[in-house]
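Notes follow the structure.
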Amino acid sequence: MSRTDRSPVEESAKQWFERYATTFIELAGSGATQAASLLGYFAVPLTMTTSAAHLTLTTTEQLTAALGQELIALREADYGSSQALDQVVRALNDRSVLIEVTWARYNRSGSEFQRTRVLYLVARTADGWRITAASVLAP
């Protein structure tokens with residue numbers, strides 16, 4: 001049985017995700033509340049699942065509002081920095097990957113206030129990689 005080498009797909013998605021993580025961390029750390037810089041990393045509709053809710057955002061306006069709310073929440077938490085740890089990228093095929101990452105979030109005094117493990121389903125579109133679904137695996 002032959003097996004296709006999917007490592008180029010995984011490497012491409014990993015580099016793209018690192019750009020997303022850097023963009024997100026810089027925006028949140030600066031206290032920004034406008035989500036425009038993040039919109040290009042997500043597809044609409046976007047499905048998000050947490051321990052409290054399962055949500056499908058069907059419009060760009062809904063996506064903008066949801067990302068903006070997250071940035072506001074981080075600003076109110078005295079957010080200072082974050083790290084994307086233990087990143088695992090696994091290609092499902094040539095056009096989709098699963099990315100699992102731990103987000104460790106710190107306030108401005110350097111104390112960690114949140115750590116979550118998140119699973120992202122990412123698809124390759126005509127415009128590049130886009131997050132199509134996200135699930136929080138552990139609070």
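In what follows, every heavy atom counts, from backbone to side chain, and hydrogens, waters and symmetry copies are set aside. Residues: numbered from 1 along the sequence shown.
Salt bridge R105/E112: absent, no basic N to carboxylate O contact under 4.0 Å. Between R6 and D94 there is a salt bridge, with a side-chain nitrogen of the basic residue lying less than 4.0 Å from a carboxylate oxygen of the acidic one.
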Could you tabulate the donor-acceptor pairs under 3.5 Å formed by side-chain atoms of residues 53-61, not counting sequence neighbours?
| unit_1 | atom_1 | unit_2 | atom_2 | d |
| --- | --- | --- | --- | --- |
| H54 | ND1 | T49 | OG1 | 2.7 |
| T58 | OG1 | Q62 | OE1 | 3.0 |
| T59 | OG1 | Q62 | N | 3.0 |

Result block: side-chain N/O donor-acceptor pairs under 3.5 angstrom for residues 77-89, not counting sequence neighbours:
| unit_1 | atom_1 | unit_2 | atom_2 | d |
| --- | --- | --- | --- | --- |
| D78 | OD1 | R108 | NE | 3.4 |
| Y79 | OH | S82 | N | 3.4 |
| S82 | OG | A104 | O | 3.0 |

Quick one: side chains of residues 20-27, donor-acceptor pairs under 3.5 Å with protein atoms, not counting sequence neighbours, listed by atom name and distance.
| unit_1 | atom_1 | unit_2 | atom_2 | d |
| --- | --- | --- | --- | --- |
| T22 | OG1 | E18 | O | 2.9 |
| T23 | OG1 | R19 | O | 2.8 |
| T23 | OG1 | Y41 | OH | 3.2 |

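With W16 contributing its side chain and W129 its backbone, the two residues share a donor-acceptor pair below 3.5 Å. Proximity of a side-chain donor or acceptor of S135 to a complementary backbone N or O of L137 within less than 3.5 Å is not detected.
No hydrogens or angles considered: nothing links the side chains of R130 and T125 as a donor-acceptor pair under 3.5 Å. Between S109 and N107, the side chains place a donor N or O and an acceptor N or O closer than 3.5 Å (distance only, hydrogens not considered).
Atoms OG1 and CG, from T132 and L121 in turn, are 3.5 Å apart once rounded to the nearest 0.5 Å.
In the hydrophobic cluster analysis, where Ile, Leu, Val, Met, Phe, Trp and Tyr join through side-chain heavy atoms closer than 4.5 angstrom, V44 is grouped together with F42.
No more than 12 heavy atoms of other residues, nucleotides or ligands shown are found within 6.0 angstrom of CD on Q34.
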